[in-house]
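First listed ligand is number 1; within each ligand, the first listed atom is number 1. The shown structure was predicted, so the numbers you read here are calculated from the model rather than taken from an experiment.
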Amino acid sequence: MMEYFAVAGGSPLAGRVAVHGAKNSALPILAATLLADGESVLHNCPALTDCDAALEILSCLGCRVRREGDTVTVNTACRRGHAVPDHLMGRMRASVLFLGALLAREGAAEACWPGGCALGARPIDLHIQAFQALGAQGRSWNGQLFFHAPGGLSGCRIALPIPSVGATENAMLAACGARGLTILDNPAREPEIVDLQNFLRCLGARVSGAGTGRIVVEGGRPLHPGEYTVMADRIVAATYLCAVACAGGEGELLGTDGACLGPVLAALTAAGCTLDRGPGRLAIRRGGELRGFGALRTGPYPGFPTDAQPLLGAVAAGARGQSRITETIFDRRFRYTEGLAAMGAAVQVEGDTACFSGRPLHGAWVEAADLRGGAALTLAALGARGESVIGGLPHIDRGYQGLEKALAALGGHIRRVTGPA
Ligand code: UD1
């Protein structure tokens with residue numbers, strides 16, 4: 001059986017939807033539960049297939065995990081081993097985040113070498129350099145990566161040449177288990193790094209500086225389990241906003257005020273949307289014509305988030321006028337434009353830049369090639385005249401908890417259909 005979204009596009013939205021917890025916070029935080037013995041409780045932990053994979057890794061490491069709604073309990077008391085299973089490493093690249101936590105806790109970590117992924121090469125050299133700087137010895141044999149720190153990890157100075165999100169998180173996790181002070185210069189400043197810091201503090205760790213140009217970890221302290229609420233997902237929020245931009249009408253998002261979405265809100269305003277922010281809510285309206293938003297360029301936070309660029313691509317495709325998107329983080333992030341072209345979009349990709357001359361879209365049969373690209377095609381379908389079918393839902397389910405239900409709550413005509421392949 002295969003699943004697809006059936007979308008009847010072309011009518012404006014009206015509705016309200018709650019934004020679920022952030023995938024990119026929940027994953028490092030789930031890895032961080034390994035740092036303390038006992039039962040940690042995470043609220044607002046989204047039910048995504050990526051989070052399921054993280055919970056499976058914890059189970060394989062001997063932890064007892066339980067989910068009730070959006071609350072997840074992880075009991076690490078019986079944890080054992082230090083290897084991330086190959087099939088889970090293959091299912092989700094973010095499995096690499098368990099290496100830092102395992103090194104901190106077990107003094108050893110093992111995983112298969114992660115290959116390229118849908119977005120491009122995605123090396124992990126910076127993760128490895130951070131582990132080595134902290135005193136871990138690493139070797140690679142037969143496609144497996146082994147790290148161990150027989151004498152324990154020691155705090156050090158690490159300067160990241162580029163602010164990698166995953167390398168920052170892995171360095172923070174490993175540094176919690178290292179003796180003494182670790183100073184991490186040029187870390188990623190994403191809000192999810194701040195969320196990880198807040199969780200680590202809730203376990204009793206001494207970490208400061210997340211969100212700035214220097215993170216300091218005073219490692220080697222005994223940690224205790226904690227209870228924590230994961231932040232709202234800013235990319236999911238951006239997705240719902242772009243749905244209203246694409247289809248027109250109005251929508252209200254609950255559980256976020258859009259504080260970390262500055263560049264996305266600016267692009268949507270330039271495209272002719274009106275935004276209204278309040279405590280714990282964010283409303284959007286697009287009554288008139290959707291306009292091209294000019295040029296945008298992705299960059300590390302606080303720049304324009306690469307994860308939101310396909311969503312703005314969907315907006316650009318159906319707008320009147322020119323838009324231009326330059327992708328600076330990943331090299332294979334424009335594959336969704338083929339699906340947009342099938343819907344009638346005028347889009348040209350040259351190197352790292354996609355140029356859109358917006359025009360009315362029509363429904364089409366398209367296939368998601370990756371997570372955010374799949375969401376972008378779904379949004380474009382809501383704004384397109386006629387029926388669309390979007391396949392490749394396993395990509396979308398990695399990062400959206402029931403995207404079709406959320407978009408239906410916003411007034412979209414969309415349903416998930418299960419049928420023979
Ligand atoms: C995280 C997010 C992902 C987001 C990305 C950029 C999670 C689970 N995923 O991915 O959704 O799109 O941040 O905001 O949080 N790089 C290296 N060497 C390394 C590591 C990274 O060269 O060792 C490069 C990458 O190829 C890329 C850039 O650094 O060009 C940024 O990648 P990074 O910030 O590490 O992304 P992820 O942590 O993989």
Side-chain angles (χ1 to χ4, degrees), residues 21-32 45-46 48-51 53-54 57 88-89 91-101 111 113-133 138 145 147 158-174 184 186-196 199 210 230-231 233-236 238-239 260-261 263-264 297-311 326-334 336 352 370-376 395-396 398-400:
K23 168 175 89 69
N24 289 354
S25 278
L27 296 175
I29 287 174
L30 285 168
C45 184
L48 309 169
T49 53
D50 269 12
C51 289
I57 292 174
L88 294 169
M89 195 75 188
R91 218 164 92 192
M92 175 182 70
R93 269 190 54 90
S95 305
V96 78
L97 293 172
F98 281 82
L99 295 178
W113 195 276
C117 78
L119 305 183
R122 296 184 89 174
I124 57 162
D125 53 318
L126 303 176
H127 303 238
I128 295 173
Q129 283 164 24
F131 296 154
Q132 289 174 332
L145 270 166
F147 294 97
I158 301 170
L160 289 177
I162 48 171
S164 153
V165 172
T168 300
E169 292 165 343
N170 249 335
M172 288 167 77
L173 292 166
L184 183 58
N186 194 31
R189 301 175 190 212
E190 267 68 1
E192 293 77 15
I193 306 277
V194 179
D195 217 29
L196 174 61
F199 177 68
V230 174
M231 66 179 273
D233 196 310
R234 62 195 168 101
I235 306 301
V236 169
T239 305
C260 19
L261 280 173
V264 173
R297 186 182 182 84
T298 64
Y301 193 85
F304 190 96
T306 172
D307 288 350
Q309 76 85 346
L311 312 173
T326 302
E327 169 61 56
T328 71
I329 311 282
F330 294 115
D331 50 15
R332 293 191 65 204
R333 221 165 184 177
F334 283 128
Y336 68 94
D352 63 1
D370 60 55
L371 164 56
R372 305 302 169 188
H395 289 295
I396 296 177
R398 286 187 40 225
Y400 294 93

dist Leu99:CG -> Glu169:CD (nearest 0.5 Å) comes out at 13.0 Å
Taking Glu190 for its side chain and Ile193 for its backbone only, find out whether a donor-acceptor pair lies under 3.5 Å.
-> no
Would you indicate whether the side-chain heavy atoms of Tyr400 and Pro46 approach each other to under 4.5 Å?
-> no
Test item, Pro123 contacting ligand 1 (heavy atom, 4.0 angstrom) = yes
State whether the shortest distance between N or O atoms of Lys23 and N or O atoms of ligand 1 falls below 3.5 angstrom.
-> no
With heavy atoms and a 4.0 Å threshold, my read on which part of His127 contacts ligand 1 is both
Does an N or O anywhere in Ser164 fall below 3.5 Å from an N or O of ligand 1?
-> yes
Using a 4.0 Å heavy-atom threshold (strictly under), name the region of Asp307 that reaches ligand 1: side chain, backbone, both or neither.
-> side chain
Atoms of ligand 1, numbered as shown, that sit under 4.0 Å from any heavy atom of Ile124 | 19 (C), 23 (O)
Can you sort out the partners of Phe304 under ring-ring contact (aromatic ring centres under 6.0 Å, His included), two or more places apart, ordered by chain and number?
-> none
Please report which non-hydrogen protein atom sits nearest to atom 15 (O) of ligand 1, along with the residue it belongs to and the distance in Å to one decimal place.
-> Asn24 CG, 3.2 Å
among protein heavy atoms, the one nearest atom 10 (O) of ligand 1 is Arg122 NH2, 3.2 Å
Could you tell me whether Asp307 and Arg333 have a side-chain N and a carboxylate O separated by less than 4.0 Å?
-> yes
Enumerate the atoms of ligand 1 whose separation from the nearest heavy atom of Arg333 is less than 4.0 angstrom.
-> 12 (O)
His127 and Asn170: CA distance, side-chain angles, deciding distance, side-chain hydrogen bond (donor to acceptor under 3.5 Å, both in side chains) verdict | CA-CA 6 Å; His127 303 238; Asn170 249 335; 3.0 Å; yes
Dump the intermediate steps for side-chain contact (heavy atoms from CB on, under 4.5 Å) on Ile128 and Gln132, then the final yes or no.
-> CA-CA 6 Å; Ile128 295 173; Gln132 289 174 332; 3.8 Å; yes
Looking at ligand 1, does any of its N/O atoms fall within less than 3.5 Å of an N/O of Leu27?
-> no
Is the shortest N/O to N/O distance between Val165 and ligand 1 below 3.5 Å?
-> yes
Distance from atom 23 (O) of ligand 1 to nearest protein heavy atom, with residue and atom = Leu126 N, 2.7 Å
Ion pair present between Arg234 and Glu192, side-chain N to carboxylate O less than 4.0 angstrom?
-> yes
If you have a sec, work out which protein heavy atom is nearest atom 30 (O) of ligand 1 and how many Å separate them, to one decimal?
-> Ile329 O, 2.6 Å
Please work out whether any backbone atom (N, CA, C, O) or any side-chain heavy atom from C-beta onward of Phe330 is under 4.0 Å from ligand 1, and answer side chain, backbone, both or neither.
-> side chain
Ligand 1 to Thr306, heavy atom cutoff 4.0 Å, flagged ligand atoms 6 (C), 12 (O), 14 (O)
Any idea which part of Ile162 is under 4.0 Å from ligand 1, heavy-atom wise: side chain, backbone, both or neither?
-> side chain
Could you give me the CA-CA distance, side-chain angles and deciding distance for Leu196 and Met172, then say whether side-chain contact (heavy atoms from CB on, under 4.5 Å) is met?
-> CA-CA 9 Å; Leu196 174 61; Met172 288 167 77; 4.1 Å; yes
Say whether, by atom type as modelled, one donor and one acceptor occur between the side chain of Thr306 and the main chain of Thr298 under 3.5 angstrom.
-> no
Would a 4.5 Å heavy-atom cut-off, applied to side chains only, mark Pro163 and Pro187 as touching?
-> no
With atoms numbered from 1 as shown, which atoms in ligand 1 lie under 4.0 angstrom from a non-hydrogen atom of Gly166?
-> 35 (O), 38 (O)
Return the residue, atom name and 0.1 Å-rounded distance of the protein heavy atom closest to atom 18 (N) of ligand 1.
-> Asp125 OD1, 2.7 Å
